[in-house]
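Here is the structure we will look at, set down as structure tokens.
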Amino acid sequence: MSENPSPNGATLSKFFRVAPFFLPFVFSLLPPLAVVSPVPLFILTLRNELRVSLLALFGNLLFALLLREPMPASALGVYWFSIGVFFPVLIRKTGKIQLSAALSYLLQLSAILAGILFLAHRAGLGPVEFVRNEISLGLDVITRDAQGPLSELIKTEGRDGLFKMLMSRVPATILIALLLSFWINLLFVSQIQKGFLSKTFWTRYRNPDWMVWPALACGALYLFTTHAPYLIGLNGLQLFMAFYALQGFSVFSYFFHRVGIHEFFRFVFHALLFLTALPLVTGIGFFDLWFDFRRRFGQN
């Protein structure tokens with residue numbers, strides 16, 4: 001005998017059908033939730049035809065254009081499209097989450113590069129000169145309004161030292177933040193969309209074997225060159241180590257899953273590893289290429 005759905009269940013179902021048409025923009029206004037603002041679009045794309053997702057994307061982008069500056073609104077549009085629409089579409093077509101994430105990530109990087117080229121052309125500068133000029137203008141603001149520990153840092157390092165510090169960290173920080181945003185959104189979707197991912201998905205992440213070569217090349221640039229090649233090598237090395245940190249966390253997830261640790265305590269242990277032992281996690285992820293720790297754990 002079938003049962004009629006409860007009014008509360010029907011209301012909740014209607015809410016989730018309508019939510020993607022306004023929630024991404026609302027989330028973008030709240031700093032703690034901005035990183036997961038593509039989640040409603042992601043779920044909508046998994047459940048519906050592409051045209052429905054594009055309509056929701058257009059509606060949220062229209063809100064952003066009306067209430068924000070054009071450039072931040074455009075950046076939001078790229079972020080929503082790459083993670084909330086393009087990523088799940090690729091998952092549906094290929095069934096391969098790592099490949100879909102990699103292609104969507106490349107789409108984001110291409111959009112960033114295209115934006116820099118466009119702004120540099122409008123300013124009548126080359127892309128490198130444009131980036132240096134923007135960072136220089138930012139340094140002017142920082143040095144003019146610096147207070148407390150930041151003022152001491154400026155006195156210690158000087159303007160040139162601070163410029164080099166920013167160039168050695170900011171590009172990698174942006175690239176790593178974009179990389180993590182994919183996995184954070186995927187984690188939220190997996191908790192909301194039951195059955196979307198298997199429970200062992202997070203224990204099986206592994207970088208392709210060829211990735212070790214560009215990582216070693218960036219390490220060589222970092223150790224044996226100066227000026228621009230040194231900065232490229234340092235930023236590239238930080239990005240690749242972030243990939244291997246993800247693999248290291250996957251190794252620990254496999255171990256936690258194998259010994260049957262409760263999900264709440266898994267979260268606690270992962271947080272402790274992130275806060276206190278990130279170099280160890282990264283090292284395990286890097287050397288997992290040769291030692292295959294999960295296979296060794298599986299044999300014991």
Side-chain angles (χ1 to χ4, degrees), residues 12 16 23 27 30-43 45-47 83-84 87-88 90-91 95-102 104-105 172-173 175-209 211-212 215 238-300:
L12 191 61
F16 278 113
L23 273 187
F27 285 170
L30 306 171
L33 296 177
V35 69
V36 294
S37 59
V39 165
L41 289 170
F42 197 122
I43 296 173
T45 306
L46 289 177
R47 295 177 175 177
I83 298 180
F87 186 23
L90 290 178
I91 291 174
K96 298 178 180 179
I97 291 179
Q98 270 186 253
L99 175 63
S100 301
S104 303
Y105 185 62
T173 300
L175 295 176
I176 293 171
L178 291 175
L179 170 66
L180 293 179
S181 68
F182 278 90
W183 299 108
I184 292 172
N185 281 276
L186 192 64
L187 177 62
F188 271 79
V189 172
S190 68
Q191 297 301 309
I192 298 171
Q193 186 77 7
K194 298 301 181 183
F196 168 56
L197 294 179
S198 68
K199 292 184 178 180
T200 59
F201 170 79
W202 303 103
T203 69
R204 292 184 279 109
Y205 176 81
R206 183 180 176 87
N207 295 308
D209 293 345
M211 187 177 286
V212 68
Q238 293 175 77
L239 175 62
F240 284 114
M241 288 303 102
F243 278 99
Y244 284 109
L246 289 175
Q247 185 164 332
F249 278 114
S250 181
V251 172
F252 278 100
S253 294
Y254 177 87
F255 176 73
F256 295 153
H257 177 76
R258 186 167 178 80
V259 300
I261 296 177
H262 190 273
E263 289 185 1
F264 172 76
F265 293 105
R266 289 187 213 177
F267 172 78
V268 173
F269 289 144
H270 277 98
L272 289 175
L273 287 170
F274 179 80
L275 294 173
T276 63
L278 190 56
L280 171 65
V281 175
T282 305
I284 287 176
F286 185 75
F287 287 104
D288 185 52
L289 173 66
W290 292 279
F291 294 103
D292 199 354
F293 297 112
R294 280 164 283 202
R295 181 177 59 82
R296 293 174 183 272
F297 287 147
Q299 289 176 347
N300 294 331

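Throughout, numbering of the chain's residues begins at 1 and tracks the sequence.
Side-chain contact between Ile284 and Phe291 is absent, with no heavy atoms from C-beta onward closer than 4.5 Å. The shortest side-chain heavy-atom distance between Phe252 and Arg266 does not fall under the 4.5 Å cut-off. Considering only heavy atoms from C-beta on, Ser253 stays 4.5 Å or farther from Tyr205 through its side chain.
Distance CZ/Arg295 to CG/Asp288: 10.0 Å, rounded to 0.5 Å. Expressed to the nearest 0.5 Å, how far CD of Gln247 lies from CZ of Phe243 amounts to 11.5 Å. To the nearest 0.5 Å, atom OG1 of residue Thr45 and atom CG of residue Leu90 are 11.0 Å apart. For the atom pair Ile176 CD1 and Ser181 OG, the distance stands at 12.0 Å (nearest 0.5 Å). Between the CG atom in Leu180 and the CG atom in Leu186 there is a gap of 12.5 Å [rounded to 0.5 Å]. Residue Leu41 holds its CG atom at 10.0 Å from CG of Asn185, rounded to the nearest 0.5 Å.
Contact between Ser104 and Phe87 at its shortest, heavy atoms only, is OG-CA, 3.3 Å. Considering every non-hydrogen atom in both Leu272 and Thr276, the closest pair reads O-OG1, 2.5 Å. Between Thr203 and His257, the shortest heavy-atom contact is CG2-CB, 4.0 Å. Shortest non-hydrogen contact noted between Ile43 and Gln193 is CG2-OE1, 3.7 Å. When all heavy atoms are compared, the tightest approach of Arg206 to Asp292 is NH1-OD1, 4.1 Å. Here the closest non-hydrogen pair linking Leu179 and Tyr105 is N-CE1, 3.6 Å.
Phe42 and Phe196 have perpendicular rings, their planes meeting at more than 60° on a 0 to 90° scale where under 30° would count as parallel.
Checking side-chain atoms of Tyr244 against main-chain N and O of Phe287 turns up no donor-acceptor pair under 3.5 Å. Without hydrogens or angle criteria, Ser250 side chain to Leu246 main chain gives no donor-acceptor distance under 3.5 Å.
Checked options Ile184, Val36, Leu46, Ile83; the residue passing with Val189 is Leu46 (criterion: side chain to side chain contact (heavy atoms under 4.5 Å, CB included)).
If you look at His270 and Phe249, their ring centroids are closer than 6.0 Å. Checked against a 6.0 Å centroid threshold, the rings of Phe269 and Phe256 count as neighbours.
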Practice task
Quick one: do Leu187 and Trp202 satisfy side chain to side chain contact (heavy atoms under 4.5 Å, CB included)? Show the steps, please.
Solution key: CA-CA 9 Å; Leu187 177 62; Trp202 303 103; 3.9 Å; yes
Practice task
Dump the intermediate steps for side chain to side chain contact (heavy atoms under 4.5 Å, CB included) on Phe27 and Val39, then the final yes or no.
Solution key: CA-CA 10 Å; Phe27 285 170; Val39 165; 5.7 Å; no
